[in-house]
Structure formats: C-alpha cells, structure tokens
There are 2 protein chains.
Amino acid sequence: MATPDTVRRQSPAAEAWGLIHELFATYGKRRFHAVATEFELSPPQVMALRALDPSKPLPMSSLAGALHCDNSNVTGIVDRLEDRGLVERHSGEHDRRVKMLVVTPKGAELRAQLSAALEHPPEPLAKLSPEDQRTLRDIMRRALRP
Amino acid sequence: MATPDTVRRQSPAAEAWGLIHELFATYGKRRFHAVATEFELSPPQVMALRALDPSKPLPMSSLAGALHCDNSNVTGIVDRLEDRGLVERHSGEHDRRVKMLVVTPKGAELRAQLSAALEHPPEPLAKLSPEDQRTLRDIMRRALRP
DNA sequence: TATTGTTATACTCTATAACTATA
DNA sequence: TATAGTTATAGAGTATAACAATA
C-alpha cells in the first residue's frame, strides 16, 4: 500500500485504525487466501463455514446477515458447501419456509482446521514484547467486550 | 460470526489477533463496502486506487503484487479505472514492456475522499479511553514500524 | 530464453428482480 | 399481503494458460 498521502495530525484512534487496516491488508488477507486455497475453498466459503456454529443450526437468512450479503448469494455458496458434504439444509420445524444450516461432522472438522490455521498471529504481533501483547489483548477486549 | 468453538487458552497475541479479525470483519469490511458503493467503485477498484501513489507512477505488475493477485486480473481493474478517467497507462521509458500507472488529478481527488471516508475509527475504538487509544496506537506503531 | 502485459476460458461472487412456497 | 429461499441475469473478480511485444 502506498504511504499515506496526507501526513497530517490524526487522532490516536484514527492512526491505530489505519495501522490495523494495514496489518490486515498485508498479513490477514494473504493468510486467509492461502488457507482457503489450501483447503480448496473460496474465501466466501471459508467465511460462511466460520460463521456457522456446529452446535447450533442457523437459518440461511442469518448467514446472509453474517456475511453482509444478499440471501440469493448464500444459495450458491451453500450449494457448494453442501456438494462437498460440509453442511446440510434441514427444513425448519416451526416455519417450513426456513431452511436451517447444519454443519456435518466433516464440516466441523474442516472448520476446526481452518480456525487453527488462522489463529496464529502474524509476525508483527508475534514479535511484540509479551507485555505489549497482553496490553494489546486487554485493550481489544475492552473495545469489543465492554 | 459464531462464538469461538474452542474456548481454550490462547496466547495473548493470538487472542488479540482474533479480536482484530473480529473488529475488521464486523466494522471494516462493511464500512469499506459502503464507501466503495458510495463512490460507485468495486472493492478491488478501491484497493487499487488506494495502493497507487499519485506522486509516483507504478508498474502494473507492482500493483498486482500489492493486491496479491495475478497480473491478468489487474488488466480489467485498471481498464475500468481508466474508463472513468481516474488513472492512465503510460509506457515505461526504460523498458517498453512495462506500463506505468499514473493517477489523474480526478483520481487523486477521489482517492483523497476515499481515504477521508475510511479514516474514521469504528465505534469500538472511538469509545476507548484517550489513554487506551494512545496506547493502542503506540503498540501498533511498534508492531509495524519497528 | 525470460518477462510484461493482454487475451481467452471457466468458475465464483455480487446485486437486482422475478418467482415459489409458505405464512 | 409479507417473508424465506430460489432462480435468472448481468457484471465483476479470480486463476490458469496461451500469446504478443520486448528484453
């Protein structure tokens, strides 16, 4: 990515956000793509599998919400996951229009492998001092788990 | 996104990385998409425009590297940016195989607007205490600007 | 012979709108 | 009438391979 064009004063939060963006663009995106390729999944398929909870079936529309996309997109993504035996569509019990997505045992295992592969922090974080790592974790917890 | 399936002990850096991932998936991705739509650009087109430096022409192949994709993909992305008058292809001076990408004044202005729109930190960061914001910024600087 | 960028191909993703089957 | 999911369609992104021009 190019150097910021405006080297003017930014708020600390804005600068931190920019750096997080950079970390993600440089390391997160590449790693995500590499892992998806390794398991022969497309990035949206990986996001879908990660958004599903193996212990709690989810309606198609909720998955669409989690992926920030239209219901119609989810049809194709789930089709391909179902073709590979990773998820199944079960008719809803209360409302027969709804289809609940169930992660198969095979899907749950693959999902765990994905999580393990994506969990390792990228080099810039791994090289921080243990104290910085703990502080970073604590601040991120306060931000997202207030 | 579903709750982490393995609620086991993680290293602080791994947990921080997971939280950063979550922040990005929940806020960054949506914001990015909204800004792209606002300016009638696709996400890859926004990434391309942001990867270009208005003051320093870049070869097509370098842009492909910055976007982590194949050269052949860049052809189409740049075609569409060029159709909108945001960038131009200039033949390289030293090696006539190379095409240098130049951001037009119109492209530079749009690029600045994109940056401004994407700069504002999402709510979870904005709501941190000023001290936490500074600490977060300092740690991210140490991680990425050692 | 190797490299830059383009073209060709096939597949996936995305948004929109029209459709179905339920409610 | 309204909603969940599908289908149809068009445009865009992606990887691979083959190609032209240049080195």
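Residue numbering restarts at 1 for every chain, and letters A, B, ... go by the order of the sequence lines.
For DNA chain C, the residues of residues 90-98 of chain A within the heavy-atom distance limit of 4.0 Å (strictly under) are A/D95, A/R96, A/R97, sorted by number.
An OP1 or OP2 oxygen of D/dG5 is reached within less than 4.0 angstrom by a side-chain nitrogen or oxygen of A/S61. Residue B/T75 has no polar side-chain atom (N or O) positioned under 4.0 Å from OP1 or OP2 of C/dT7. Within the 4.0 Å cut-off from OP1 or OP2 of D/dA15, at least one side-chain nitrogen or oxygen of A/H33 is found. Close to D/dT7, at under 4.0 Å from its OP1 or OP2, lies no side-chain N or O of A/S72.
Although no hydrogens or angles enter the test, the distance criterion places a donor-acceptor pair under 3.5 Å between the side chain of B/K106 and the main chain of B/R84. B/T104 contributes a side-chain N or O that, together with a main-chain N or O of B/G85, makes up a donor-acceptor pair within less than 3.5 Å.
In this structure, the CG atom of B/D79 is 11 Å from the C1' atom of C/dG5, given to the nearest Å. Between the CG atom of B/L81 and the P atom of D/dG11 there is a distance of 18 Å, rounded to whole Å. The CD1 atom of A/I77 sits 14 Å away from the C1' atom of C/dC11 (whole-angstrom rounding). Counting to the nearest Å, the C1' atom of C/dT4 and the CG atom of B/L63 are 14 Å from each other. At whole-Å resolution of the value, NZ in A/K99 and P in C/dA23 are 13 Å apart. Spacing between atom CE of B/M60 and atom P of D/dA21 amounts to 17 Å, rounded to whole angstrom units. Look at CG on A/L41: it is 15 Å from C1' on C/dC11, rounded to the nearest Å. What separates CG of B/D70 from C1' of C/dT7 is a distance of 12 Å, to the nearest Å.
Two residues are said to be in side-chain contact when any heavy atoms from C-beta on lie closer than 4.5 Å; A/P59 and A/K99 fail this criterion.
With respect to the salt-bridge test (charged N to carboxylate O, under 4.0 angstrom), the residues A/E15 and B/R134 do not qualify.
Checked against D/dT7, C/dC13, D/dA17, the side chain of A/Q45 finds its nearest nucleotide in C/dC13. Checking D/dA4, C/dT16, C/dG5 against every side-chain atom of A/N71, the shortest atom distance belongs to D/dA4. Minimum atom distance to the side chain of A/N73 is reached by C/dT14, of the listed D/dA12, C/dT14, D/dA15. Among the nucleotides D/dG13, D/dT6, D/dT14, the one closest to any side-chain atom of B/R80 is D/dG13.
By the 6.0 Å contact criterion, CD on A/E109 is open, its count of non-hydrogen atoms from other residues, nucleotides or ligands being 12 or less.
The distance from atom CZ of A/R50 to atom CG of A/L118, rounded to the nearest 0.5 Å, is 5.0 Å.
Ring geometry, A/F32 versus B/H21: the interplanar angle falls from 30° to 60°, so the pair is classed tilted.
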